[in-house]
Amino acid sequence: AQSVTQLDSHVSVSEGTPVLLRCNYSSSYSPSLFWYVQHPNKGLQLLLKYTSAATLVKGINGFEAEFKKSETSFHLTKPSAHMSDAAEYFCVVSEGNTGFQKLVFGTGTRLLVSP
Amino acid sequence: NAGVTQTPKFQVLKTGQSMTLQCAQDMNHNSMYWYRQDPGMGLRLIYYSASEGTTDKGEVPNGYNVSRLNKREFSLRLESAAPSQTSVYFCASSQGLAGETDTQYFGPGTRLTVL
């Protein structure tokens, strides 16, 4: 079975400093990986996804993630945090590469951004 | 396009009461899903419908039933609500087409409290 581990439950940064949210996954074959963001009292929005094409994936709002098979990691980064980035972030792995998929969610990382 | 819509946004029930959560999507997606989100646990799949006319159990189906009314609508029913079902419920939809990497799109959620 596939699984995903988000290594930090909370990350605090200052506005303008880099963001790193860490995610490790477990998969028996080549996975699809996603990062979703959830702002307070809102639904989930897709930030980016990896689907076995380029290992460096660019998403919305300046976020990107790098797929490292040797490390089974898919960490999310952003060069400069903005106050509006404060939210909860979920790393997600799928149990199928194509067509219908079941998603397995990490437990989330809450990003706090201070002025 | 409204995307994925859910009603109601908030609901308070007493133990033993029943209710139905409604979900609709206007993206002509084949697959639809119901998740629950509890603090510190990420999202867990309750039921899903890979295509119109089919439904299957997810990770935590006990105490719930679903109906895929048509291609657009997928409802979740609690027949006899219990306090353990206090949660935020998310509906999602995706293309679910073979040969393509799927992306799920989420509704805004229903916050349910069972007293």
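Naming convention: chains lettered A, B, ... in sequence-line order (proteins, then strands); numbering from 1 in each chain.
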Do F90(B) and Q38(A) have side chains that get closer than 4.5 Å, going by heavy atoms?
yes
What residues of residues 106-115 of chain A sit under 4.5 Å from chain B when you count only heavy atoms?
G106(A), T107(A)
Flag the pair Y35(B) / L103(A) as yes when at least one side-chain heavy-atom distance between them is below 4.5 Å, and no otherwise.
yes
Would you compute the distance between atom CD of Q45(A) and atom OH of Y105(B) and round it to the nearest 0.5 angstrom?
10.5 Å
Chain A contact via E59(B) - side chain, backbone, both or neither, heavy atoms under 4.5 Å:
neither
Output the residues of residues 82-93 of chain A for which the shortest heavy-atom distance to chain B is under 4.5 Å, in residue-number order; output 'none' if no such residue exists.
F90(A)
Nearest heavy-atom contact between T103(B) and Y36(A) is CG2-OH, 4.1 Å
Do L45(B) and V104(A) touch side chain to side chain, with heavy atoms closer than 4.5 Å?
no
In Å and rounded to the nearest 0.5 Å, what is the CD to CG distance from Q104(B) to L44(A)?
10.0 Å
Determine, using the 4.5 Å side-chain heavy-atom cutoff (strictly less than), whether W35(A) and I60(A) are members of one ILVMFWY cluster.
yes
Please classify the contact between R44(B) and chain A as side chain, backbone, both or neither, with a heavy-atom cut-off of under 4.5 Å.
neither
